[in-house]
Amino acid sequence: MLKGIDPRLNADVLRALRAMGHGDVLIIADTNFPADSVARDTALGELLRMDNLTAAEAAEAVLSVLPLDTFVDDFAGRMEVVDAPDEVPPVQKEVQAVIDSSEGRHRALVSVERFAFYDLARESYAVIQTGERRFYGCFMFRKGVIPPDA
């Protein structure tokens with residue numbers, strides 16, 4: 001246990017988050033996502049796990065230490081619902097609320113078509129699979145920067 005670090009963040013996840021650079025993409029996936037096979041194609045090359053957490057709980061823990069990119073529109077994204085790209089299910093509303101809280105303002109998740117999301121995930125830095133069982137609990141976060149002290 002470390003002071004100031006969310007106890008939901010395990011050592012493997014912390015190692016990956018620390019190693020990521022500005023612009024690198026992190027995927028937070030639900031239990032139905034083909035996370036293991038997709039993770040083999042990522043920069044990290046192995047699947048990270050945050051079992052027994054919802055997508056929102058995992059996002060909250062990750063965003064307690066990971067800054068989101070402020071230079072791009074696609075700082076964070078959600079997998080689109082098939083045949084209903086404008087639909088935002090409750091799981092996605094929960095993660096949006098976590099982002100809003102973390103950012104201190106509203107920045108809307110971008111919508112990513114399902115198969116484009118799979119491609120994005122394969123090109124990402126790492127994939128974290130959660131215990132989220134609701135459909136469309138899949139998200140991408142683009143790492144930002146921490147500015148120097150004034």
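Only this structure's heavy atoms are used, side chains among them; waters, hydrogens and symmetry mates stay out. Keep in mind the model is a prediction, meaning the values are calculated, not measured.
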Within-4.5 Å side-chain heavy-atom neighbours: Val65 and Asp6: no
Heavy-atom side-chain contact between Phe141 and Leu63 under 4.5 Å: yes
Side chain to side chain contact (heavy atoms under 4.5 Å, CB included) assessment of Ser111 paired with Arg78: CA-CA 5 Å; Ser111 178; Arg78 62 178 184 85; 3.7 Å; yes
Least distance between heavy atoms, Gly21 atom then Lys143 atom: O-CB, 3.7 Å
Side chain to side chain, Val145 and Phe71, heavy atoms closer than 4.5 Å: yes
Sidechain-backbone polar pair: Glu87 side chain, Ala84 backbone, donor-acceptor under 3.5 Å: no
Residue pair Thr42 / Arg122, side-chain heavy-atom distance below 4.5 Å: no
Over all atoms of both residues, closest heavy-atom pair of Ile99 and Ala76: CD1-CB, 4.0 Å
Under 3.5 Å donor-acceptor, Gln129 side chain and Asp36 backbone: no
Heavy-atom closest pair, residues Val91 and Ala55: CG2-CB, 4.1 Å
Over 12 non-hydrogen atoms of neighbours within 6.0 angstrom of CG in Asp41: yes
Arg107 side, atom CZ; Asp69 side, atom CG - distance, nearest 0.5 Å: 7.5 Å
Hydrophobic cluster (4.5 angstrom, side-chain heavy atoms) - remaining members for Val127: Val25, Ile27, Phe33, Val38, Leu47, Met79, Val81, Val82, Val110, Val112, Phe115, Phe117, Tyr118, Leu120, Phe135, Tyr136, Met140
same_hphob_cluster(Val88, Val98) at 4.5 Å side-chain heavy-atom cutoff: no
Salt bridge (charged side-chain N to carboxylate O under 4.0 Å, His left out) partners for Glu46, two or more places apart: Arg15
Minimum heavy-atom distance between Ala58 and Thr130, given as atom pair plus value: CB-CG2, 3.5 Å
Crowding at CG, Asp51 (>12 non-hydrogen neighbours, <6.0 Å): yes
Atom pair CG (Asp30) and OG1 (Thr54), whose distance is rounded to the nearest 0.5 Å: 11.5 Å
Nearest non-hydrogen partners of Gly23 and Arg142, listed with the distance: O-NH1, 3.1 Å
From Ser64 atom OG to Leu17 atom CG, the distance as rounded to the nearest 0.5 Å: 9.0 Å
Exam field: side chain Glu132 to backbone Arg134, donor-acceptor pair closer than 3.5 Å: yes
Spacing of CG belonging to Leu2 relative to CG belonging to Leu14, to within rounding of 0.5 Å: 7.5 Å
Atom pair CZ/CD1 of Phe139 and Ile28 - distance to nearest 0.5 Å: 8.5 Å
Path from Val72 to Ile146 over hydrophobic side-chain contacts below 4.5 Å: no
Any side-chain heavy-atom pair of Gln96 and His106 under 4.5 Å: yes
Minimum heavy-atom distance Ala19-Tyr125, with the two atoms named: CB-OH, 3.3 Å
Chi angles and distances behind the side chain to side chain contact (heavy atoms under 4.5 Å, CB included) call for Arg8, Leu53: CA-CA 8 Å; Arg8 297 174 291 189; Leu53 297 180; 3.8 Å; yes
Short side-chain to backbone donor-acceptor contact, Ser37 and Pro34, under 3.5 Å: yes
Between CE on residue Met50 and CG on residue Asn10, distance to nearest 0.5 Å: 6.5 Å
